[in-house]
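Since the structure is predicted, the reported quantities are computational estimates derived from the model, not experimental observations. The figures here come from the full heavy-atom set of this structure, side chains too, leaving out hydrogens, waters and symmetry mates.
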Amino acid sequence: MTSKILVFSGPTLSGQDSFRKKHADRFVFVSPISCGQLFEAYREGFRKFLIIDGYFDRVPAVWHKEILYVLNKGCVVYGCSSLGALRAIETEPYGMRGHGKIFDDYKSQKISDDDEVTVFHLGQEHDFCSVTDAMINIRYTLEHAIAAEAISRQHAESIAAFVKATFFKKRSLKFAAEEVLKNFPQELKKFLKFFNENGLHDQKRSDALELIEILSRENIAENADWSNPTMHEPFHHTSKLKNLQYITNINPPTLNIPALSQESRVTCLAALMIGKQRRLQSWLAIAMMLFSNSSDKSVKLADAAIPWLDENGYKQDPTIKQLLNMALHLCPEYQTPGYISNTVKLLAMEVQLPVQFINPVEAEGESDSSFNSLTLDSLPFYSRLLLLIGLFVDAIEKSDLIFFRLSPPPEVLKALIQKYRERSMDSTEFLAEFGLTDSQSAIAGLAKIQMLLNERNVLRSFDLNEEEIYWYKLSIKFCGLYNKLLTLKNKPAREKFSTSFTSALARQSKERTREYFAMTGLPDDLTNAEKVGNYIESLLG
């Protein structure tokens with residue numbers, strides 16, 4: 001747990017690099033907040049938050065329920081200036097604190113629309129520089145101009161109305177003044193002189209800078225203003241909130257690097273897996289989490305060993321060890337080298353990996369540190385992932401009565417059979433590669449597994465009984481990938497991996513590559529080996 005305050009900011013603090021450095025001992029500054037990131041930040045050990053800017057357009061905005069969740073956990077949350085002021089107004093009765101003139105304007109209902117604080121801005125590479133003017137800043141600028149007798153109130157109100165009617169991504173005070181006052185040249189000249197000398201009055205920035213200065217001087221733990229009032233009603237951990245937590249917990253973190261622990265920085269590198277490996281890694285995380293939620297915790301556990309699993313990947317974490325022991329208690333056959341379950345065969349068919357490569361014995365010697373086994377086309381790594389997913393899925397079937405009785409709906413089965421027929425994947429020859437004979441039962445079995453792993457058509461909610469556990473991180477440790485990612489600190493290994501990564505991307509279509517970057521949250525400029533190597537180095541240090 002860290003004592004620092006995590007600040008979500010973007011265009012409001014653009015160009016304030018020296019200010020951010022000045023307060024780096026007390027604050028960690030990251031990009032505008034988006035949906036799920038409060039869960040991530042809580043998991044990374046932060047308990048104090050300041051929300052200034054947030055995404056809302058093409059990216060889901062932070063949920064009110066996320067804020068209530070961390071407040072319920074005893075965290076402190078402040079908001080100001082932009083989305084932070086909006087969320088503070090909406091959740092103030094539950095403990096969030098607002099600050100600044102803009103927050104006060106919303107509270108007094110002087111303003112009420114969300115678009116008053118929105119701007120169109122550039123990306124992180126340009127320090128989120130705003131290219132439009134916020135409506136609220138325009139209002140404050142016009143008020144100052146009226147006070148300075150640089151414009152009449154009537155003309156100021158006409159300009160404000162013109163800007164308000166303009167889409168927020170096109171708002172400009174100067175353009176509006178020129179349009180509204182084009183028939184009043186003297187008035188326009190006087191106002192532009194004031195505007196050029198004084199600039200836009202950035203009340204959003206003033207509120208943010210003021211609050212950060214206040215918090216930098218105060219001991220939050222002892223400040224009564226940070227204490228959370230008693231909620232008027234109990235906090236309800238709804239199924240939608242659990243689902244958001246679930247999605248957050250099985251994916252790599254999206255927070256900026258400065259906010260991540262060393263473990264999470266290593267985990268981010270797992271996003272550099274593409275194609276089948278990434279899909280299997282996510283499935284493993286899901287299977288581990290669902291098994292943990294469906295298994296009988298009263299089972300008597302004994303230390304078990306899997307000959308084909310590198311023990312370094314799980315013994316360091318008690319949760320992983322407990323999960324493994326419970327799964328092997330239900331499926332002891334997995335301790336036998338060479339054993340391949342029907343579940344593994346079906347999963348192999350899904351990723352089209354011939355069954356002869358799925359041999360636990362082959363993975364036994366996969367503990368070298370040369371990183372040779374972690375190429376993007378690594379068959380032993382595929383094998384280990386498939387076996388681990390199979391182990392947990394089989395254990396779920398034996399421990400969870402709902403899943404045991406689960407059968408795919410006819411329409412799901414029909415669609416899957418059609419898909420395999422179109423791809424000529426239900427032929428006897430194709431099935432024989434996986435040790436399967438009957439296409440109908442094989443596809444039905446695969447549909448059942450997919451329903452579980454994709455949470456499709458399963459009328460149940462999965463209770464996250466250990467909400468702080470980062471399942472993706474645990475799965476990466478469990479399959480042995482974590483230790484191999486650490487070897488990327490070695491420059492030759494990093495260079496080799498970077499070359500392999502860019503070669504694999506080059507074999508994909510541009511559209512698929514764009515989707516991959518969007519899905520993983522990786523920087524979309526990782527177009528050559530040098531850039532990939534620099535990105536890895538920035539994470540591992």
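Side chain to side chain, Asp53 and Thr12 meet the donor-acceptor criterion of an N or O pair below 3.5 Å. Using a 3.5 Å distance cut-off with no hydrogens or angles, the side chains of Glu143 and His201 do not pair a donor with an acceptor. Under 3.5 Å, the side chains of Glu40 and Thr248 contain no donor-acceptor pair of N or O atoms. Side-chain contact check for Gln245 and Tyr69: at least one donor-acceptor pair (N or O, by modelled atom type) lies under 3.5 Å. Side-chain contact, Arg43 with Asn249: a donor N or O sits under 3.5 Å from an acceptor N or O.
The cationic atom of Arg20 (NZ for Lys, CZ for Arg) does not lie both less than 6.0 Å from the six-membered ring centre of Phe27 and within 45° of the ring axis.
The two atoms that bring Tyr78 and Gly98 nearest to each other are CE2-O, 3.8 Å, heavy atoms only. When all heavy atoms of Ala177 and Leu188 are compared, the pair lying nearest together is O-CD1, 3.6 Å.
Ion pairing of Arg97 with Glu92 is absent here, as no side-chain N (NZ or NE/NH1/NH2) approaches a carboxylate O to less than 4.0 Å. For Glu66 and Arg87, the salt-bridge test fails: no basic side-chain N is under 4.0 Å from an acidic carboxylate O. A salt bridge is absent between Asp105 and Lys101; no separation between the charged side-chain nitrogens and carboxylate oxygens falls under 4.0 Å. For Glu178 and Lys182, the salt-bridge test fails: no basic side-chain N is under 4.0 Å from an acidic carboxylate O. A salt bridge does not link Glu149 with Lys190: none of the charged nitrogens is closer than 4.0 Å to a carboxylate oxygen. Note on Lys164 versus Asp115: salt bridge recorded, some NZ/NE/NH1/NH2 to OD/OE distance being below 4.0 Å. Electrostatic pairing of Lys491 and Glu537 does not count as a salt bridge here, judged by no charged N lying under 4.0 Å from a carboxylate O.
By the 30° and 60° cut-offs, the orientation of the rings of Phe46 relative to Phe49 is tilted. Ring pair Tyr55/His121 is tilted by interplanar angle, where 30° to 60° counts as tilted. Ring-plane geometry between Phe168 and Phe56 is classed as tilted, the angle between the planes lying from 30 to 60 degrees on a 0 to 90 degree scale. Ring geometry for Phe501 against Phe497 counts as parallel: the plane angle stays under 30°, on a 0 to 90° scale with 60° as the upper cut.
Crowding of Glu125 atom CD: a count of heavy atoms from other residues, nucleotides or ligands under 6.0 Å exceeding 12. Dense packing is recorded around NZ of Lys65, with more than 12 heavy atoms of other residues, nucleotides or ligands lying under 6.0 Å away. Heavy atoms from other residues, nucleotides or ligands lying under 6.0 Å from NZ of Lys169 number more than 12. Glu530 CD: 12 or fewer foreign heavy atoms inside a 6.0 Å radius.
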request  = Go through the steps to decide whether Phe8 and Ser31 satisfy the test side chain to side chain contact (heavy atoms under 4.5 Å, CB included), and finish with yes or no.
outcome  = CA-CA 6 Å; Phe8 295 95; Ser31 300; over 6 Å; no
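Here the two rings, on His64 and Tyr94, have centers that are 6.0 Å apart or farther.
The backbone N or O of Gln109 sits nowhere less than 3.5 Å from a side-chain atom of Ser112 that would complete a donor-acceptor pair.
Residues Ser152 and His155 have side chains in contact (heavy-atom distance under 4.5 Å, counting atoms from C-beta outward).
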